[in-house]
Protein chains: 2
Amino acid sequence: MKQDGDLETILGYQLQRANLEITGDARRVLAPFGLTPAKFAALLMLRANPGCDQTALGRALSINRSSVMKLINLLEAQQFVERRAGRNLRTNALHLLPDGEARLTTVLRALRESDDRMSARLTAAERTTLLALLRKLGSARGRNSALPI
Amino acid sequence: MKQDGDLETILGYQLQRANLEITGDARRVLAPFGLTPAKFAALLMLRANPGCDQTALGRALSINRSSVMKLINLLEAQQFVERRAGRNLRTNALHLLPDGEARLTTVLRALRESDDRMSARLTAAERTTLLALLRKLGSARGRNSALPI
DNA sequence: TATTGTTATACTCTATAACTATA
DNA sequence: TATAGTTATAGAGTATAACAATA
C-alpha cells in the first residue's frame with residue numbers, strides 16, 4: 001500500500017492518528033481506575049478550580065454544558081466529586097472529595113508514565129515544541145461553538 | 001477559571017483539544033459534500049491505492065476491518081466507490097468511481113482551505129514541524145491493535 | 001430576558017466478538 | 001488453519017434542542 005501524499009500533509013488527519021495512538025494508551029492506563037481521558041481531564045480542571053460551576057467547567061474544557069453533565073454525573077457516582085450548594089440557587093459548586101483528590105494523585109502518576117512512554121520517540125525538546133504548537137491550535141477551541149462568552 | 005498546570009503538559013489532552021478544533025472546521029467544510037473526516041481520509045487512501053481490498057485499506061488507515069466496512073458501505077451508497085471482484089473470491093477490489101474521483105478533487109480543494117485557515121496561527125515552518133512530529137507519534141498507530149500484520 | 005442545570009436524542013469514530021465463506 | 005468480509009453490539013466523546021427554575 002502506498003501512502004497518500006495529501007493525507008501526509010493534512011493536519012486534521014495527522015492529529016487524529018496521533019490522538020488515537022496517545023489516547024489509546026491513556027485509556028488503558030485509566031481504565032483500572034474507572035476513568036476515561038475526558039473524566040480525567042475534568043478532574044484535573046476541577047482540582048485547579050474548586051467550587052466552580054458546571055458551565056464554567058465546560059468553558060475551561062471547551063465542551064458543552066450537557067457534556068459536562070454526563071461527566072459530573074459519572075464522577076459523582078464514583079465518589080470523585082460532589083455537587084454542593086452554589087453561589088445562587090441555580091448553580092452548583094463542584095468539589096473534589098478528599099478521597100477523590102487522593103485517588104487523582106495516584107492516577108496522575110500513572111498517566112504521566114503513559115505520556116512519557118508514548119512520547120519516547122520524541123526528544124524532550126521536540127515534545128516541548130509539539131505541546132506549544134498544539135496549544136496554539138487548541139487555544140481557539142470553543143471560541144465559536146462551545147464558548148459563547 | 002485557572003488553567004491546570006498538569007493539563008498544559010499532558011500530550012493527550014492537548015492533542016484532543018487541537019484535534020477537535022481542526023476537525024470541527026473540516027467537518028463543516030465536508031458536510032455539504034456528504035462526507036466526514038473519516039470518509040474523506042478513506043477516499044484519499046483509496047485514490048492512492050486503486051483496487052486494494054478492505055483489510056489493506058484498514059491497515060493503511062490504522063483502523064479495524066469492521067470500521068472499514070461501515071465507511072465503504074456509506075461511500076458505495078453515495079456512489080463514490082465501487083466494490084469489484086477481487087483477486088480471489090473472498091476479497092473485494094475497491095475502486096473510486098470516475099465521478100467520485102472528480103468530486104473528491106473538488107472536496108480536497110475545499111478541505112485545503114479549511115486546513116490553511118486553521119493553521120493560520122502557525123508559521124509555515126511551524127506547520128511543517130508540527131506535521132513531522134505528529135507523524136512520528138502516529139506512525140506507531142496500529143502496530144499493536146489495528147495492524148496485526 | 002438571560003442563564004443554569006437538566007433531559008432526551010443523535011452523530012462520529014472506533015472497537016470486540018462471533019459468524020460465513022474461502023484459501 | 002488462517003484470512004476476508006460481514007454483522008451485531010457497544011463505548012467514548014461530543015453536539016443540538018428544548019424545558020424548568022432562577023437571576
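Letters go in sequence order (proteins before strands), and every chain restarts at 1.
- Taking the side chain as every heavy atom from C-beta outward, Leu71(A) and Val81(A) never approach each other to under 4.5 Å.
- Checking Asp53(A) against Thr55(A) by side-chain atom types alone, no donor-acceptor pair falls below 3.5 Å.
- Between Leu71(B) and Ser66(A), the residue anchored closer to the 5' end of DNA chain C is Ser66(A), taking for each the nucleotide with the nearest heavy atom.
- For the OP1/OP2 pair of dT14(D) and a distance below 4.0 Å, the side-chain nitrogens and oxygens of Gln16(B) include at least one atom meeting the criterion.
- Nucleotides of DNA chain C nearest to Asp53(A) and Lys70(B) differ in position, and the one nearer the 5' end is that of Asp53(A).
- Base contact: Ser67(A) has a heavy atom under 4.0 Å from a base atom.
- As judged by a 4.0 angstrom heavy-atom cut-off over every strand, Arg65(B) is placed among the base-contacting residues.
- Asn19(B) and Arg17(A) are not linked by any side-chain donor-acceptor pair at a separation below 3.5 angstrom, with hydrogens and angles left out of the test.
- Side-chain atoms of Arg90(A) and base atoms of dT4(C) include no donor and acceptor less than 3.5 Å apart.
- Arg112(A) and Thr9(B) share a donor-acceptor pair across their side chains, judged by distance under 3.5 Å alone.
- Counting only heavy atoms from C-beta on, Gln54(B) has its side chain closest to dT6(D) among dA21(D), dT6(D), dT14(C).
- Residue contacts shown for Leu20(A) are limited to sugar-phosphate atoms, with no base heavy atom under 4.0 Å away.
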